[in-house]
Each structure stands twice: as C-alpha cells, then as structure tokens.
Amino acid sequence: LSGVQLAGIEFNSVAAAFTLGGNAIQLSEDITNNSANPQVISLAIAATDAITLNANTEGLELSGALSGTAGFDKAGGMPLVLSHANNTISGDITVSGLGALVVAADGALGDPNSGLLLNAYYHGELYTLEFEGGVSQSKVMTIGARATSDPAHVAAITGVNTLGGSMTAVSGGFRYIVSAAADSTLNLDADLEMINDSSSERILRCDGDGIINLNGDVLDSSPSTTTIGVMKANGDSGTLNVVGTKSYNGGTYADSSTLA
C-alpha cells in the first residue's frame with residue numbers, strides 16, 4: 001500500500017537492527033530509536049506536520065526522500081544521518097541533542113530557503129552539524145555561540161564540503177567553531193554575520209587537521225562595537241586560508257597551525 005499514514009515510528013529497547021523499505025508513507029508524528037542498534041529507514045516519508053527525528057540511544061539514518069512543509073527537530077544523543085540527495089522538506093530545522101545531524105548528500109537538508117537553527121548550548125548539551133562525503137549546501141543557518149571549546153558547530157568529516165548559504169551567529173557565549181578533519185576541506189563561501197548584544201569579543205575559531213577556506217567575510221552587525229577575530233587554534237595541523245579582503249576588526253591569528 002502506498003501513502004499509508006502513520007502516527008509515528010518507534011524502535012523499542014529490544015529491537016534488532018532494521019532497514020525499513022517499501023512504499024512511501026505519510027507521517028504525522030515522530031521517529032524515535034530507543035534500541036541498542038542503529039536503524040535505517042529507506043522508504044520515502046511525507047511529513048504532514050512538524051516532526052521530531054530522535055536518535056535517542058543509537059543512530060538513525062533516513063536514506064529515503066523526506067518531504068513536508070513544517071520542518072523537523074533533530075533530537076537525541078546519537079547521530080541522525082540524512083543521505084537522500086533530493087529531499088524537498090521545507091520549514092525550519094532545529095538541531096538539538098548531543099548527537100550530530102550528519103549531512104551526507106547535497107540535497108539532504110531540503111529547501112535551501114527555509115532556515116536551520118543550530119542551538120549552541122542548552123542544559124549542558126552541545127549540538128553539531130557534520131558534512132560527509134563532499135557536500136555542497138546553500139541552507140540559511142543560525143548558530144548560537146559556545147561558552148566552551150568543543151565540539152564544533154559545523155564540521156567537515158570527509159571530502160570537500162562547501163557551505164554557500166548565509167550564516168548568522170547570535171549571542172550565548174563568545175566562540176563560533178568550525179572544523180575540518182584530516183583529508184577533508186570546508187569551504188565557507190558565504191558571509192558570517194555576528195550579532196551580539198554586548199561589546200565583548202567574539203571569535204570564529206577554525207579547528208582540525210584538514211583545510212578551511214574562509215572565502216566569505218565575517219561581519220559585525222551588533223548594536224554596540226564588538227571586537228571580532230578569526231583564530232586557528234588548538235595546535236591542530238590543519239590549514240586556514242583567509243581569502244580576499246576582510247572587514248572584521250580583531251585580526252587573524254594562529255596557534256601551531258598553518259595560516260595562509
């Protein structure tokens with residue numbers, strides 16, 4: 001049967017590892033993995049309302065097409081992998097929970113004109129967006145500042161990954177962190193706009209053993225004067241390439257890394 005409507009999908013605590021395939025379904029509520037095994041859903045899902053994708057106790061991968069107009073929340077302490085290249089889901093995406101949202105295909109995040117909110121720090125949880133396999137994305141993103149060092153807000157894990165959508169960095173701490181793992185590249189092609197409600201310093205920190213190309217600018221849109229700098233930190237062996245003229249006022253500095 002095609003187009004069957006389900007209220008939700010739950011893998012309970014004793015569920016084996018499944019790959020759910022078959023005809024497309026409509027989904028009105030959440031998908032939750034409460035099992036000790038990673039789960040894969042390869043059938044197409046049309047969300048009829050805002051849903052939560054909860055990789056609670058083990059990983060969850062959606063490899064089928066994901067559509068809908070109300071967006072979704074990523075929750076849970078384990079990774080959620082989106083690997084379908086032609087997702088059309090629109091509406092806002094919110095990343096919460098300790099596990100990363102892993103983007104493994106160019107079109108995995110759906111409509112580039114709807115937003116993605118990457119919460120930074122909430123009740124002790126740090127949230128991360130990871131790119132694997134060489135992904136190009138133009139999603140508009142909002143990220144919250146970190147008060148601690150790790151992990152990165154945005155991380156390239158494998159391949160050459162390009163972010164072409166504008167990013168807005170809001171208050172909450174003083175660090176905004178991007179990273180590239182060894183043998184990976186992260187191209188930041190669009191501008192990063194920093195909005196701060198105080199005059200304290202804000203830092204874009206670039207970590208990892210891979211290559212980060214800062215092609216866009218880092219802009220200060222705060223109501224008061226803020227010192228904004230770019231840092232290649234933590235003694236990592238990666239390379240930060242600062243391309244073109246920049247307008248930030250705090251300079252670019254390195255710590256035991258190559259700064260081009």
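Judged purely by distance below 3.5 Å, without hydrogens or angles, the side chains of T162 and N187 pair a donor atom with an acceptor atom. For S247 and D217, the side-chain atoms include at least one donor-acceptor pair closer than 3.5 Å.
T252 pairs in a side chain to side chain contact (heavy atoms under 4.5 Å, CB included) with only one of the listed residues (L214, V218, V242, L204), which is V242.
Rounded to the nearest 0.5 Å, atoms OG1 (T57) and CG (N12) are 10.0 Å apart. Here the CG atom belonging to L53 is positioned 9.5 Å from the NZ atom belonging to K74, to the nearest 0.5 angstrom. D236 contributes atom CG, which lies 5.5 Å from atom CG of D207 (distance to the nearest 0.5 angstrom). Distance check: E130 CD to L80 CG gives 11.5 Å after rounding to the nearest 0.5 Å. I31 CD1 to F11 CZ: the interatomic distance, rounded to the nearest 0.5 Å, is 7.5 Å.
Within a 6.0 Å sphere centred on CG of N37, other residues, nucleotides and ligands contribute more than 12 heavy atoms.
A pairwise comparison of heavy atoms in S42 and G21 identifies OG-CA, 3.3 Å as the closest pair. What you find for I212 and C206 is that their closest heavy atoms are CD1-CB, 3.6 Å.
Within the 4.5 Å cutoff, no side-chain heavy atoms of V4 are placed close to those of N23. Side chains of V170 and T142 form a contact here, defined as non-hydrogen atoms less than 4.5 Å apart. Counting heavy atoms from C-beta on, the side chains of S63 and V40 come closer than 4.5 Å. Within the 4.5 Å cutoff, side-chain heavy atoms of S28 are placed close to those of Q5. Using a 4.5 Å cut-off on side-chain heavy atoms (C-beta onward), I9 and I25 make contact. Side-chain atoms of N33 and M78, non-hydrogen and from C-beta on, never get closer than 4.5 Å to each other. Side-chain atoms of P38 and E61, non-hydrogen and from C-beta on, never get closer than 4.5 Å to each other.
When the side chains of ILVMFWY residues are joined at heavy-atom separations under 4.5 Å, either directly or via intervening members, L116 and I157 end up in two distinct hydrophobic clusters. Under the 4.5 Å side-chain contact rule for hydrophobic residues, F18 and L60 share a cluster.
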Would D209 and S237 satisfy side-chain hydrogen bond (donor to acceptor under 3.5 Å, both in side chains), going step by step from the backbone distance to the final call?
CA-CA 5 Å; D209 297 325; S237 61; 3.0 Å; yes
Take S114 and K139 through the side-chain contact (heavy atoms from CB on, under 4.5 Å) test and state the conclusion after the steps.
CA-CA 7 Å; S114 55; K139 195 81 168 175; 3.0 Å; yes
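If you chain together ILVMFWY residues whose side-chain heavy atoms come under 4.5 Å of each other, V102 ends up grouped with V81. Grouping Ile, Leu, Val, Met, Phe, Trp and Tyr residues whose side-chain heavy atoms lie under 4.5 Å apart, directly or via other members, leaves V160 alone, with no other cluster members.
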